[in-house]
Student: 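Pasting in a structure now, in structure tokens, and then I'll have a few things to ask.
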Amino acid sequence: MREPQLDGLRAIALLSVFYSHFWQESSNLGHLGVRFFFVLSGFLITNILLNVKGHDNHTAGITVFFARRAARIWPPYFLTLGFCWLAAGPLRLPMMQESLPWHALFLSNIWYATHGSEPWALGHLWTLAVEEQFYLIWPFVILALPSRHFLKLCGALVSCTVLYRVCAFALGKVDEANALPFDSIDALAGRCRFLVPVCRRVERSAMAPLVVSTGRFGWIYHANRF
């Protein structure tokens with residue numbers, strides 16, 4: 001499901017990440033951009049899954065969901081990893097070579113949480129790993145959970161994420177904790193508690209694109225003030 005009104009927001013998030021990586025590494029814009037992507041992805045995926053839940057044939061719906069995700073992500077992803085595998089030997093990049101199995105299993109975030117920031121060239125893959133891990137669990141949660149408990153679950157996830165961050169800060173493990181999926185659950189799933197009901201109420205309005213975009217930007221800003 002593509003919403004054209006979000007393209008501008010995606011561009012802002014992308015430019016924020018580029019700015020943080022290549023111009024001002026001390027800027028928080030990159031982190032904000034990543035969380036922004038997570039909020040957009042979580043909202044769109046949850047909306048798709050709620051539509052699947054509304055149909056009788058859940059098996060067919062979830063199969064199509066996974067097939068579409070794989071078709072969009074896997075070809076360029078594994079092509080990139082293949083290029084890195086070919087280049088790692090001649091360029092003498094042992095850390096890249098050693099980390100490739102982790103990336104291939106979409107465990108990049110676990111690698112960087114346990115091994116540090118190398119290889120830097122593949123560092124951006126940790127966000128994709130978090131999303132893939134989210135895709136493995138969230139669809140089954142949505143389909144299995146009674147609809148009346150959905151908003152309660154999302155609210156609980158936001159609370160648990162805050163507690164997780166407090167514990168990480170107290171233990172001095174903020175950077176390591178940041179790479180794990182638990183740190184992004186509020187952006188990926190928790191914000192749907194607020195976004196899905198609001199957006200469904202305004203989606204038929206002529207002002208829907210503006211309302212939806214403004215609301216999402218406000219929530220991602222709020223989520224990263226912690």
Side-chain angles (χ1 to χ4, degrees), residues 1-21 27-53 65 68-69 72-73 106 108-109 124-139 141-142 145 150-165 168 174 177-203 207-226:
M1 180 178 64
R2 180 175 179 270
E3 295 191 25
Q5 66 267 31
L6 298 185
D7 289 344
L9 298 180
R10 290 190 182 98
I12 292 172
L14 183 63
L15 290 174
S16 299
V17 173
F18 280 174
Y19 177 81
S20 181
H21 273 289
S27 171
N28 288 325
L29 283 177
H31 180 76
L32 181 62
V34 168
R35 302 301 168 180
F36 204 165
F37 273 123
F38 284 162
V39 167
L40 296 177
S41 178
F43 170 78
L44 293 172
I45 294 305
T46 301
N47 239 354
I48 291 172
L49 293 171
L50 289 176
N51 289 333
V52 170
K53 188 180 179 74
F65 169 81
R68 287 179 175 174
R69 300 281 79 71
R72 289 182 61 185
I73 295 172
F106 293 100
S108 306
N109 57 328
H124 57 287
L125 297 183
W126 77 269
T127 59
L128 190 56
V130 168
E131 289 209 13
E132 288 296 296
Q133 291 157 18
F134 175 69
Y135 290 160
L136 279 178
I137 298 174
W138 192 238
V141 172
I142 292 293
L145 188 73
F150 174 67
L151 298 185
K152 297 176 184 177
L153 171 66
C154 291
L157 289 174
V158 172
S159 301
C160 290
T161 304
V162 172
L163 180 61
Y164 171 79
R165 288 174 181 159
V174 174
N178 183 61
L180 299 178
F182 310 109
D183 191 69
S184 304
I185 289 298
D186 63 335
L188 283 164
R191 294 303 161 189
C192 295
R193 177 179 188 270
F194 308 99
L195 294 176
V196 171
V198 170
C199 294
R200 285 190 166 183
R201 282 197 295 268
V202 303
E203 64 183 354
M207 294 297 290
L210 177 61
V211 174
V212 171
S213 300
T214 303
R216 287 169 188 161
F217 186 84
W219 275 115
I220 186 59
Y221 174 79
H222 172 75
N224 284 277
R225 293 182 64 188
F226 178 79

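Just so it is clear, the model here is predicted, and its values are computed rather than measured. Reckoned from all heavy atoms, side chains included, excluding hydrogens, waters and symmetry mates.
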Student: Name the orientation class of the two ring planes belonging to Trp126 and Phe38 (parallel below 30°, tilted from 30 to 60°, perpendicular beyond 60°).
Tutor: perpendicular

Student: Shortest non-hydrogen contact from Thr161 to Asp183?
Tutor: CG2-O, 3.8 Å

Student: Using side-chain contact (heavy atoms from CB on, under 4.5 Å) as the criterion, list what pairs up with Tyr19, not counting sequence neighbours.
Tutor: Trp23, Gln24, Ser27, Leu29

Student: Working to the nearest 0.5 Å, report the span between CZ of Arg35 and CG of Leu188.
Tutor: 8.5 Å

Student: Test your reading of the model: is there a side-chain donor-acceptor pair from Gln133 to the backbone of Leu180, 3.5 Å cut-off?
Tutor: no

Student: For Phe37, which of Leu32, Leu128, Leu14 qualifies under side-chain contact (heavy atoms from CB on, under 4.5 Å)?
Tutor: Leu14

Student: Within the distance-only criterion (no hydrogens, no angle test), does the side chain of Asn109 pair as donor or acceptor with the backbone N or O of Ala179 below 3.5 angstrom?
Tutor: yes

Student: For a 4.5 angstrom cut-off between non-hydrogen side-chain atoms, does Phe150 reach Thr46?
Tutor: yes

Student: What distance separates Leu49 CG from Ile142 CD1, expressed to the nearest 0.5 Å?
Tutor: 6.0 Å

Student: So which heavy atom on Ser108 is nearest to which on Ala129, and how close?
Tutor: N-CB, 3.7 Å

Student: Nearest 0.5 Å please: distance from the CZ atom of Phe134 over to the CD1 atom of Ile185.
Tutor: 6.5 Å

Student: Using the test side-chain contact (heavy atoms from CB on, under 4.5 Å), find all partners of Tyr135 that sit at least two apart in sequence or belong to another chain.
Tutor: Ser41, Ile45, Phe65, Arg69, Ile73, Glu131, Glu132

